[in-house]
Amino acid sequence: MLFSDVVAISSEVAATSSRKAKTTALAGVLRRLEPAEVATATALLAGELPGGRAGVGWSTLASLQVAAAPEPTLEIGDVAGAIDEVRAISGSGSGQRRTDALTGLLGLATEAEQRFLVRLFGGELRQGALEGVMIEAVAAAAEVPTGSVRRAFMLSGRLPATAEAALSGGEPALAEFHLELGRPIRPMLASPAETLDTALDEFTECSVEYKLDGARIQVHRDGDEVHVYTRTLREITRNVGELVALVRGLDCRSVVLDGETLALDDAGRPRPFQETMARFGAQEQRDELLHPYFFDCLHLDGTDLLDLPLRDRLKALSQVAAAHRIPGVLSPAPDDAAALFEEALARGHEGVVIKDLSSPYAAGRRGKAWRKVKPEHTLDLVVLAAERGHGRRSGYLSNLHLGARDPDGGPPIMVGKTFKGLTDELLTWQTAEFQRRATGDDGWTVHVVPELVVEIELDGVQTSSRYPGGVALRFARVLRYRPDKDAAEADTIEAVRGMLRGG
DNA sequence: TTCCGACAGTGGGGTCGCAAT
DNA sequence: ATTGCGACCCCACTATCGGAA
């Protein structure tokens, strides 16, 4: 099939807001593909680069000016091959050759195909369909239940391979996928809950566990062979020798564990997330060791446990890794759950996760069997500027620059940005207000008279080398504007710095 | 008819490795 | 040596569609 047919379908998908229409269009093209094209086309239409990221971003793309081809000639297979070539060159490290390869591909593409490729490499296809809609489309094209596709996707970790199996072999082929030692599965995620009590009310029986501020890990062991994967299924075994050694020492033949890892200080308290990430991301060993905290067991000595209820998986976890199990309580009374929450915070952790003890392991957030609760903090900050938005926020002033008050009376000190929490109504309002107060505009950012105060919710602050005050907000979002306050009543930089310890 | 779960989109701070300067 | 880029760690929130209640 011609690549231009894929691009045309993408345009059709983008043109409708109906998910059913998107699904129908995508299913239609999936059915018409040659078997060898299914994997590539599935990736392309799910907004993924076939084969994974290729070391090319917006900056590189913006620097290229390539004349478009007059007629479409590229086949789907040609595009996959060209992307693989670009990726291989990125890995070997020649910028000029990479540019040549990219230019070659774009030169064979029509204008519409070029626009598609640029958005694809940039990671922003913006056709209103990604993984979720594509799962529906694969199920429709193969005439199998969506649940079968979801499960195969969870187990294989790869949507293109899942689509290939579904379209070539139907439900029996999908049922062939199992948990394999050495192949990571997509992890189950937690969704936010309002409060601890509302989360507790959702389940008849639950587990309440610490929520740690580290990185997710999935550990596979088969005999002496150990592999460690991240939340996005990237293998990081070589980065974390201490975890490999620890898992190799567990009393079992084979196991798959799900957990979190982080670095601790000498007192056993968690180090700042930045320090955990520095250790986690570095290929060479450093002084700080990573500590694992496991909270699920998906396989033990030849038996898959995915479909068992959490309470049984936790029994297996205690059997194999009791010393490295995350702190938590089973079926606590509300007071005991609250006490555990307070204890987690007192020990420097993020909060707690509440889990349905009867739930099987299922990737994604469906069913909300896992809920997370964190304390929220707020600050009243001054709006210094706003950036123009993209996509559906085009025409609005969107991303706010936020400043804390200088107690010595100087201008506010910038501590971060946020675009979150804004409704369309608020976007409209602030765009008008900022234009009225504009003091400068570089085409990208509009600076304003620093007089509007906005109440910001955040998870905490962290040290920063980017901002002049030495601190930056973490996960900041707008709660509301404070027309009752002026800049002289905003929180000070000292108040922001005061949140560095004890969150 | 109303409610609510799942999705996509819109971006945030910070860290690493690596190539270009 | 420094800087910029790209990939990934962590992530919250709103609008919308369409099935569930």
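Residue numbering restarts at 1 for every chain, and letters A, B, ... go by the order of the sequence lines. None of the values given here were measured: they were computed from a predicted structure.
The partner of B/dC7, taking Watson-Crick or G-U wobble pairs whose two distances both stay under 3.5 Å, does not exist in any strand shown.
The stretch residues 39-48 of chain A has no heavy atom under 4.0 Å from DNA chain B, so no residue of it qualifies as close. Contacts between residues 207-218 of chain A and DNA chain C, counted as heavy-atom distances below 4.0 Å, involve A/K211, A/G214, A/A215, A/R216. Remark: A/S17, A/S18, A/R19, A/K20 in residues 16-25 of chain A come within less than 4.0 Å of DNA chain C through at least one heavy atom.
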Donor-acceptor list for residues 397-404 of chain A side chains, cut-off 3.5 Å, not counting sequence neighbours:
from: A/S398; atom 1: OG; to: A/R393; atom 2: NH1; distance (Å): 2.9
from: A/N399; atom 1: OD1; to: A/T418; atom 2: N; distance (Å): 3.4
from: A/H401; atom 1: NE2; to: A/E387; atom 2: OE2; distance (Å): 2.7

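At B/dG12, one or more side-chain N or O atoms of A/N399 fall inside 4.0 Å of OP1 or OP2 (strictly under the cut-off). Contact check, A/R466 against B/dG12: no side-chain N or O comes under 4.0 Å of OP1 or OP2. Using a 4.0 Å cut-off, no side-chain N or O of A/Q462 falls inside it from OP1 or OP2 of B/dG13.
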Give me, pair by pair, the N or O atoms of the protein and of nucleotides 1-3 of chain B that are less than 3.5 Å apart, along with how far apart they are.
none

Sub-3.5 Å pairs of nitrogen or oxygen atoms, protein against nucleotides 18-20 of chain B:
from: B/dA20; atom 1: OP1; to: A/G95; atom 2: N; distance (Å): 3.3

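Comparing B/dG12, B/dC16, C/dC11 by their nearest atom to the side chain of A/A278 picks out B/dC16.
Among the atoms of the strands shown, none is found under 4.0 Å from any heavy atom of A/E124.
A cation-pi arrangement is present between A/R186 and A/F153, with the terminal nitrogen or guanidinium carbon under 6.0 Å from the aromatic centre and inside a 45° cone about the axis.
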